[in-house]
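Data first, discussion second: the structure below is written as C-alpha cells.
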Amino acid sequence: MNYNNLLVETTDGITTLTVNRPQVLNALNGDVVRELECALYELDLDVTVKAVVLTGAGDKAFVAGADIKEMSEISSFDALSFARRGQSLMKLINKMGKPVIAAVNGYALGGGLELALACDFIYASEKAKFGFPEVGLGVIPGFGGTQNLARLIGPNKANELVFSGRIISASKALSWGIVNEVFQADELLPKALETAREIASKGSLGVASAKDAIVNGMNMSKEDGFRYEAALFGVLFATGDQREGMGAFLEKRAAQFKGN
Ligand code: DAK
C-alpha cells in the first residue's frame, strides 16, 4: 500500500517506518494516525517482517505531538473519532506479535511521546527531547500517556513531567528510565536496526510470546501473570522453533528458526 505521510522500507525482515511530515515536525494529524494504523496492521500480518523500527523524518523531530492546527479546528465528534483512532493505534502496537522499537531522533512531545511510550522500548539520539506540553494547551495527554509513563517511571516523576509541561533532554530521559539508551545522532538508526536484527535472529514465536507475557502480565496480578507465562511457555513446546532451538544447541550449530 502507498502512504502519503509515511515511508516504509523493509530490508532482511526489518521494517523502518518513518513518519514523514518534516515541515511540521512530523505532527500527527488524522491522516497520519490512520496511515500508521494501516501500516502496522499490514506489518503485523506480514510473516516476513520480524521487527519494526519507528522514527521521524528529518533531524529535528520524532513527532512533535498532535497537529495543533488541525486539532484547534475540529468538532467534538471529530475529536472523539481522533481519540478512538489514536487509542486503537497505541493498543495495536501492544498487540502486535513483533517488537516495535522507537528511534527518537528529536522532539517527542505530547502524542509523539505517547507514540514512543506505546512502543516496546525507546532508543534516543543525544538531540532528542521529551515532554508533555498538553497542560499548556488546556488539556491532558489522551493517547495513554499518563498511564504508560506512570507505569514506566512511577507516579512521582510522571507527575513532575506532566504537571509542568517541561521538556527534558535525552540524558535526563535516560536517567529517569524513559529511554533504554542514548546514541550520537548518526548512530541512532544503525543501533536500532542492529538490535532489531539481533531480535529477528531469534525464534519469532518465542519473541511474540515474550512480548505477550510482558505486555499482558503488566495488567495482571503477579499470580495471574505467572500462570499466563506458564501457559505461553507450555504452548511453545508444540512448535518447530522450540525443537529447532534446543536441537541446534545440542548439535552445537546455529538455529534456523522458521516461525512455526
Ligand atoms: N502541530 C502542528 N504544527 C507543528 C507542531 C504541532 N504539534 N509542532 C511544530 N509545528 C510546526 C510549526 O508550526 C512550524 O510550522 P511553520 O510555522 O514553519 O509553518 C514548524 O512545525 C516548525 O516548528 P517551529 O518553527 O515551532 O520549530 P522550533 O524549533 O522553533 O520549535 C518546538 C520546536 C517543538 C518546540 C515547537 O514547534 C513546539 O512547541 N511545537 C508544539 C509542541 C506541542 O505542543 N505539541 C502538541 C502537544 S499536544 C487526543 C489525544 C492526544 C492528543 C490530542 C488529542 N485525543 C484523545 C483527542 C495529543 C496532544 C498533543 O500532542
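Atoms considered below: every heavy atom in the structure, side chains included; atoms not considered: hydrogens, waters and symmetry mates. By convention here, the first residue in the shown sequence is residue 1. Since the structure is predicted, the reported quantities are computational estimates derived from the model, not experimental observations. Just so you know, ligand 1 is whichever comes first in the structure, and atom 1 is the first atom listed for that ligand.
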Item to check | side-chain contact (heavy atoms from CB on, under 4.5 Å) evaluation trace for V179 with F121 | outcome: CA-CA 7 Å; V179 311; F121 56 91; over 6 Å; no

Next on the checklist: Can you work out which protein residues put a heavy atom within less than 4.0 Å of ligand 1?
Outcome noted: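 Within 4.0 Å of ligand 1, protein side: Q23, V24, L25, A27, K60, A64, G65, A66, D67, I68, M71, A79, F82, A83, Y107, L109, G110, G111, E114, P133, E134, L137, G142, F143.
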
Checklist entry - Is it the case that more than 12 heavy atoms not belonging to E229 sit under 6.0 Å from its CD atom? => result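 Not buried by this count: 12 neighbours or fewer within 6.0 Å.
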
Without swapping roles, check the side chain of [X] against the backbone of [Y] for a donor-acceptor pair under 3.5 Å.
X	Y	result
K98	D44	yes
D241	K258	yes
N105	A128	no

Next on the checklist: With no hydrogens and no angle check, just 3.5 Å: does a side-chain donor-acceptor pair link Q184 and S125?
Outcome noted: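 No, S125 and Q184 have no side-chain donor paired with an acceptor closer than 3.5 Å.
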
